[in-house]
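First up is the structure itself, then whatever we jot down about it.
Naming convention: chains lettered A, B, ... in sequence-line order (proteins, then strands); numbering from 1 in each chain. The structure displayed is predicted, hence computed values, not measured ones.
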Number of protein chains: 4
Amino acid sequence: MNSLKNSVRLVGNLGMDPEVKMFDGNKKLTKLSLATNDSYKNDKGERITETQWHNLVVWGAQAGLAGDMLKKGDEVVIEGKLSNRSYIDKDGIKRYATEVVVHEFLKTAGK
Amino acid sequence: MNSLKNSVRLVGNLGMDPEVKMFDGNKKLTKLSLATNDSYKNDKGERITETQWHNLVVWGAQAGLAGDMLKKGDEVVIEGKLSNRSYIDKDGIKRYATEVVVHEFLKTAGK
Amino acid sequence: MNSLKNSVRLVGNLGMDPEVKMFDGNKKLTKLSLATNDSYKNDKGERITETQWHNLVVWGAQAGLAGDMLKKGDEVVIEGKLSNRSYIDKDGIKRYATEVVVHEFLKTAGK
Amino acid sequence: MNSLKNSVRLVGNLGMDPEVKMFDGNKKLTKLSLATNDSYKNDKGERITETQWHNLVVWGAQAGLAGDMLKKGDEVVIEGKLSNRSYIDKDGIKRYATEVVVHEFLKTAGK
DNA sequence: TTTT
DNA sequence: TTTT
């Protein structure tokens, strides 16, 4: 693993329950949707909150754990890598998707 | 700034010269394309190199610096945040793009 | 600031209430003691928890905030830099101390 | 491994050749001394460079690699964890030492 | 779609 | 000295 060259860290809340998928009968993949809320004051001194939604995927042993331990609304800390993949959509056009492939996650003491 | 909640770190090489754009006559934006190479051994013991291309944007004072100091092939270290935005493409369809908004960059002693 | 060259990230719990100190009548410094708990299985399959205690210091505007918002037992996420300093102890011998100078902190939803 | 709870990232130069030590006939430990240079402008507009020296240790398979690949002056990027240990010095007094236990390292294209 |  |  090379987290030195490609590393993402996020702290935020899950917008939905984890979505667990099975592949080839035994491989697990869990999808998470995580919101990070950035709060700052603009030029006029008004407090602005900017929300970013991130698509996360968890593979392997961690995928099952994520599916079992996490639920909508949970505050989590994750470390992973940025992954860009292309696919052909239903109209035959090449599309790009960016995901964070999660290596480690942690549910805060919160919920 | 809240690099605690949303932070990306990449070490890689630039695939092209920086692309500097002017906005409103005085605002600068610099686009970078960065490759990260992840190397590992597969099940058969063969060495596999996986390359990911990342779209980076640099705003403000740093944008000019990036345009001046960096060039194609340079090895750089960056820290930034993941930013997802949507836009309407030329066919009127909503698309999503993910970029890394760079806060800090560093050219290694290399090139 | 150069968090690219020197960056520490910790997630843990405070072992004591923040210790706020005043300097020169108006400068604030807050000291925190943070435990990180690393849990793993040893050769015999026994679960081992290893606790590290870290000395943190918060300067400036953040120092007051840390003193007001945080208390013993809180779960916090921090980003800072490693700082090594030397001093002369009461016996006239040169000593070294390592601290994490905190740039950002976040109390989790927990407590 | 739990790099989520305790993670250090440094970019700097080695102040000496790696020091490789053998334990129990087959275990390797490599010590590195790394300088990080932080440059900023003070109140008077003068450019100040502040150098921090960090003690790093590399264990296991990586220890041999570090000993072979790295030398004095090299620019390196590392990821590791903060580790605090106590020991009894030659005068029988308890002392504390902080080290960065390196998980991953990377020599830049530089030297 | 979350959270404060 | 914390927490699970």
Side-chain angles (χ1 to χ4, degrees), chain A residues 10-20 30-41 46-57 65-66 68-78 99-100 102 104-111, chain B residues 2 4-6 82 84-86 94 96 98, chain C residues 10-20 30-41 46-57 65-66 68-78 99-100 102 104-111, chain D residues 2 4-6 82 84-86 94 96 98:
Chain A
L10 303 171
V11 182
N13 299 86
L14 299 180
M16 58 175 205
D17 284 330
E19 194 181 323
V20 184
T30 297
K31 294 191 169 196
L32 304 171
S33 183
L34 182 84
T36 53
N37 299 291
D38 202 357
S39 174
Y40 62 95
K41 280 186 185 148
E46 302 159 334
R47 182 148 292 278
I48 305 294
T49 295
E50 214 177 75
T51 298
Q52 292 279 343
W53 286 97
H54 308 276
N55 294 316
L56 317 183
V57 290
L65 272 174
D68 292 343
M69 289 174 52
L70 305 176
K71 63 176 192 304
K72 184 175 174 174
D74 282 353
E75 187 185 45
V76 294
V77 185
I78 69 98
E99 293 160 335
V100 176
V102 175
E104 287 187 69
F105 69 89
L106 179 71
K107 187 171 149 176
T108 70
K111 291 216 165 192
Chain B
N2 228 321
L4 203 52
K5 291 181 180 171
N6 181 346
L82 258 187
N84 302 287
R85 59 187 177 77
S86 62
K94 195 172 187 176
Y96 297 89
T98 299
Chain C
L10 303 171
V11 182
N13 298 86
L14 298 179
M16 56 175 208
D17 283 333
E19 193 181 323
V20 184
T30 297
K31 293 192 171 196
L32 304 171
S33 183
L34 181 84
T36 51
N37 299 292
D38 203 356
S39 175
Y40 62 95
K41 280 187 183 147
E46 301 158 337
R47 181 148 292 279
I48 305 294
T49 295
E50 214 177 74
T51 298
Q52 292 279 342
W53 285 97
H54 307 276
N55 294 316
L56 317 183
V57 291
L65 272 174
D68 292 343
M69 289 174 52
L70 304 177
K71 62 175 190 306
K72 183 175 173 173
D74 281 354
E75 188 186 46
V76 295
V77 185
I78 69 98
E99 293 159 336
V100 176
V102 175
E104 288 186 69
F105 69 88
L106 179 72
K107 186 171 150 177
T108 70
K111 292 212 165 193
Chain D
N2 227 322
L4 203 52
K5 292 181 179 170
N6 181 347
L82 258 187
N84 302 287
R85 60 188 176 78
S86 62
K94 195 173 186 176
Y96 298 89
T98 300

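When every heavy atom of A:F105 is checked against every heavy atom of A:I78, the shortest pair comes out as CB-CG2, 3.9 Å.
The base of E:dT3 does not come close enough to the side chain of A:T51 for any donor and acceptor atom to sit less than 3.5 Å apart. Evaluation of atom-type donor-acceptor distances gives no pair under 3.5 Å for the side chain of C:T49 against the base of F:dT3.
Candidate nucleotides E:dT2, E:dT1, F:dT3 were compared by shortest atom distance to the side chain of C:N37, and F:dT3 ranks first. The side chain of A:M16 approaches E:dT1 more closely than any other nucleotide in the set E:dT2, F:dT2, E:dT1. Listed nucleotides F:dT3, E:dT1, E:dT2 differ in distance to C:N13; the shortest reach to its side chain belongs to F:dT3. Nearest to the side-chain atoms of C:W53 among the listed nucleotides F:dT3, E:dT1, F:dT1 stands F:dT1.
For the atom pair C:L56 CG and C:L14 CG, the distance stands at 7.5 Å (nearest 0.5 Å).
Taking atom CE of residue A:M69 and atom C1' of nucleotide F:dT4, one finds them 11 Å apart after rounding to whole Å. When the P atom of E:dT4 is taken as reference, atom CD of A:Q52 falls 19 Å away, rounded to whole Å. The separation between C:E75 atom CD and F:dT4 atom C1' is 10 Å, rounded to whole Å. Atom CD of C:E50 and atom P of F:dT2 are 18 Å apart (whole Å). Between C:L10 atom CG and F:dT2 atom C1' the separation is 13 Å, expressed in whole Å. Distance D:N2 CG to F:dT3 P: 18 Å, rounded to the nearest Å. Straight-line distance from the NZ atom of A:K31 to the P atom of E:dT1: 18 Å, rounded to whole Å. When rounded to the nearest whole Å, the span between CG of A:D38 and C1' of E:dT4 equals 13 Å.
The salt bridge (Lys or Arg N to Asp or Glu O under 4.0 Å) test applied to C:R47 returns no partner, not counting sequence neighbours. By the side-chain contact (heavy atoms from CB on, under 4.5 Å) test, C:D17 pairs with C:K71, C:K72, sequence neighbours left out.
In this structure, C:K107 contributes its side chain and C:L70 its backbone to no donor-acceptor pair below 3.5 Å.
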